[in-house]
Amino acid sequence: MIKKLNRKFYNRSTLKVAKDLLGKYLVVQKNGELLSGKIVETEAYIGYKNPASHAYRGMTPRNEVMFGDPGYAYVYFTYGMHHCLNLVTEENGYPAAVLIRALEPVQGIEIMQKRRKRKGLTDLASGPAKLCQALGVDLKFNGEDLCSDSLWVEDKGEVIKSISSSTRIGIKEKDKKNWRFFLKNNEFVSR
DNA sequence: TGAATGATCACG
DNA sequence: GTGATCATTCAT
């Protein structure tokens with residue numbers, strides 16, 4: 001049974017949402033294209049006290065979506081060339097989101113290969129900026145409603161075997177929180 | 001290991 | 001305005 005995750009799903013503990021998203025399917029529908037992939041790796045960014053979060057110094061024009069209602073997309077541009085996709089969690093006023101770090105490509109693989117200029121499967125969406133390039137996600141998706149018909153997550157009833165966790169990638173603070181989650185022994189996770 | 005490449009933010 | 005920084009990727 002396939003069902004689109006509703007706002008209630010996102011309005012929960014960010015760590016729970018980050019883990020529950022593994023094995024679900026991210027879908028992007030745009031310009032008549034339908035692209036999707038299984039979520040195999042996520043990271044949690046929670047609250048304003050954690051220096052690793054964009055929300056650490058309070059609300060700014062860039063991160064304001066993180067402070068809003070759950071179930072919306074937070075997309076940001078970084079390193080002068082890359083986009084990253086987050087799904088906003090928890091109640092309005094509390095800044096938190098789950099970074100989607102890697103997908104196993106499922107639908108629209110030829111389009112992804114063309115966008116990524118890569119032939120195989122494992123290199124199409126095995127990183128937060130890679131999957132945005134593959135799916136065509138850019139700043140126009142910032143603030144997009146995940147309960148809409150252009151960007152959403154589906155539960156196909158898939159049962160997850162084993163979840164591993166580790167420290168988050170690419171953040172320099174010595175925060176030892178194991179807030180990165182991924183499917184064990186999955187070949188589509190980053191690096 | 002380091003270059004690419006530009007938006008963002010704090011500071012003043 | 002200015003300068004440091006950056007939840008990355010790819011080629012060397």
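It should be emphasised that the depicted structure is a prediction, and the values quoted were computed from it without experimental measurement. Per chain, numbering begins at 1; letters A, B, ... match sequence-line order.
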Report summary line: When rounded to whole Å, the NE2 to P distance for the pair His82(A) and dA7(B) reads 14 Å
Query raised in the report: What is the nucleic acid contact for Arg116(A), judged by heavy atoms within less than 4.0 Å: base, sugar-phosphate only, or nothing?
Result: sugar-phosphate
**Report entry** Lys/Arg N to Asp/Glu carboxylate O, Lys130(A) vs Glu41(A), below 4.0 Å
**Finding:** no
Report summary line: pair_partner(dT5(B)), Watson-Crick or wobble, both distances < 3.5 Å, evaluates to none
Query raised in the report: Is there a stack between Phe77(A) and dG6(B), judged by ring centres under 5.5 Å and planes under 30°?
Result: no
Query raised in the report: Rounded to the nearest 0.5 Å, how far does CG of Asn86(A) lie from CE of Met66(A)?
Result: 6.5 Å
Requested in this report: Could you tell me which nucleotide pairs with dC11(B) by Watson-Crick or G-U wobble geometry, both distances under 3.5 Å, or answer none if nothing does?
Outcome: dG1(C)
Report task. Please tell me which of Thr78(A) and Ala129(A) maps to the more 5' nucleotide of DNA chain C, matching each residue to the nucleotide holding its nearest heavy atom. Result -> Thr78(A)
**Report entry** Base-pairing assignment for dA7(C) (Watson-Crick or G-U wobble, both under 3.5 Å)
**Finding:** none
Report task. Quick one: do Tyr74(A) and Tyr76(A) satisfy side chain to side chain contact (heavy atoms under 4.5 Å, CB included)? Show the steps, please. Result -> CA-CA 7 Å; Tyr74(A) 167 45; Tyr76(A) 65 89; 4.0 Å; yes
Requested in this report: Decide whether a cation-pi geometry holds between Lys38(A) and Phe188(A); the criteria are a distance under 6.0 Å from NZ or CZ to the six-membered ring centre and an angle within 45° of the ring axis.
Outcome: no
Query raised in the report: So what does Arg118(A) hit on the nucleic acid, given a heavy-atom distance under 4.0 Å: a base, only sugar-phosphate, or nothing?
Result: sugar-phosphate
Query raised in the report: Taking the side chain of Arg62(A) as its heavy atoms from C-beta onward, which of dT8(C), dT8(B), dC10(C) lies nearest to it?
Result: dT8(B)
